[in-house]
Q: 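Supplied in structure tokens, the structure appears directly below.
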Amino acid sequence: MAVCIMTDSTSDFTIQQAQELGVEIVRQKVRFGQQEYIDGVGLTPEEFYQKLAQSDALPQTAQVNPEEFCQAFRQALDRGDQVLGVFLSSDLSGTYQSALAAREMCGGQGVFLVDSRSVTLGLNLLVRQAVALRDAGAGPEQIQRELEGLKGRTRLCAAVDTLKYLRMGGRLSGAAAALGGLLNIKPLVAVEQGKVEAVAKVRGQQAALQWLEEQLERQKPDTQYPVIFGHSAAAQLCQDFSERVLPRLPGCVCHTAQIGSSVGTHVGPGAVGLAYIEAE
């Protein structure tokens with residue numbers, strides 16, 4: 001009996017990465033005005049940021065509903081598989097609650113669920129660990145236990161390049177955004193207790209990247225687990241930053257992801273961040 005690892009599209013895997021890892025993606029929808037797209041398929045990250053830059057209002061995202069989850073679960077169960085689902089934080093979306101409801105609709109057997117308490121790069125990291133455990137022969141219950149133990153040590157932090165989208169989303173007043181723009185303020189955000197929170201602010205991009213480096217000293221990564229670098233339409237900056245940080249991560253496997261619509265809606269283009277498991 002195989003283990004089908006499932007996650008939602010806020011994990012920000014490309015289609016190719018998901019296929020190579022053997023991960024099934026249940027996709028949310030993204031709406032710009034009256035136009036609706038399937039996240040990561042009908043709308044690539046590159047297209048998303050182009051539309052975001054041209055839009056006068058923030059797009060809306062629609063969580064996966066219980067019926068969609070139930071269909072995905074049943075397809076796996078009908079193949080004789082068991083399901084291990086890892087989904088974005090329940091404090092950020094009702095997606096996990098939809099998955100719980102779908103499990104009951106499917107009879108409650110053979111479906112094991114994990115509330116990652118994270119999103120984007122952090123969720124990506126936990127899914128990769130689920131894949132590694134599955135490929136090492138672990139069953140769904142063991143994978144679930146391992147992830148429950150790791151999610152409290154999962155760290156995700158990022159430097160935001162522009163205040164525009166935080167203002168558009170109501171997280172920052174217009175006056176504060178205008179002043180911050182004049183002063184070249186760069187907010188630092190992190191996932192804390194399942195929510196995306198502003199944790200610091202500095203002046204200038206280099207100071208923001210330095211803050212991220214210092215965060216690695218404050219919360220040292222456990223290098224037996226991968227580190228996920230990520231960006232929102234800032235591939236070169238992300239590469240430069242990862243090369244700058246890699247000497248601090250001897251022997252660590254690193255991956256790169258592009259931050260998609262779930263977090264990209266609020267941080268906009270130009271953000272750079274990373275996710276890792278903090279050492280005990």
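As the structure is a computational prediction, the values presented were derived from the model and not from experiment.
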Q: Does K186 pair with D161 as a salt bridge, N-O distance under 4.0 Å?
A: yes
Q: Is the shortest distance from a Lys or Arg side-chain nitrogen in E36 or R31 to a carboxylate oxygen in the other one below 4.0 Å?
A: yes
Q: Are any of the side-chain heavy atoms of L212 and C157 separated by less than 4.5 Å?
A: yes
Q: Dump the intermediate steps for side-chain hydrogen bond (donor to acceptor under 3.5 Å, both in side chains) on Q258 and E46, then the final yes or no.
A: CA-CA 9 Å; Q258 178 149 211; E46 292 80 7; 3.1 Å; yes
Q: Should we say atom CD of E217 is surrounded by more than 12 heavy atoms from elsewhere, each under 6.0 Å from it?
A: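 Atom CD in E217 is crowded, with more than 12 foreign heavy atoms closer than 6.0 Å.
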Q: For W211, does the six-membered ring have the charged nitrogen or CZ of R203 within the cation-pi criterion, i.e. under 6.0 angstrom from the centroid and within 45° of the normal?
A: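 Judged by the rule (NZ or CZ under 6.0 Å from the ring centre, within 45° of its axis), R203 is not positioned above W211.
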Q: Would K220 and Y276 satisfy side-chain hydrogen bond (donor to acceptor under 3.5 Å, both in side chains), going step by step from the backbone distance to the final call?
A: CA-CA 9 Å; K220 294 185 182 299; Y276 52 91; over 6 Å; no
Q: Are the aromatic ring centres of F87 and F69 under 6.0 angstrom apart?
A: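 Yes - the distance between ring centres of F87 and F69 falls below the 6.0 Å cut-off.
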Q: Do the side chains of E68 and R27 get close enough for a salt bridge, i.e. N-O under 4.0 angstrom?
A: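 Looking at R27 together with E68, the answer is no, because their closest N to O distance does not fall below 4.0 Å.
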Q: I need the single residue from L121, L249, L216 that forms a side chain to side chain contact (heavy atoms under 4.5 Å, CB included) with V227. Which is it?
A: L249
Q: Say you draw a straight line from NE2 of H266 to OG of S232; how long is it, rounded to the nearest 0.5 Å?
A: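 Taking NE2 in H266 and OG in S232, the distance rounds to 12.5 Å.
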Q: Can you tell me if CD on E141 sees more than 12 non-hydrogen neighbours from other groups inside 6.0 Å?
A: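 For E141, atom CD is not crowded (no more than 12 foreign heavy atoms under 6.0 Å).
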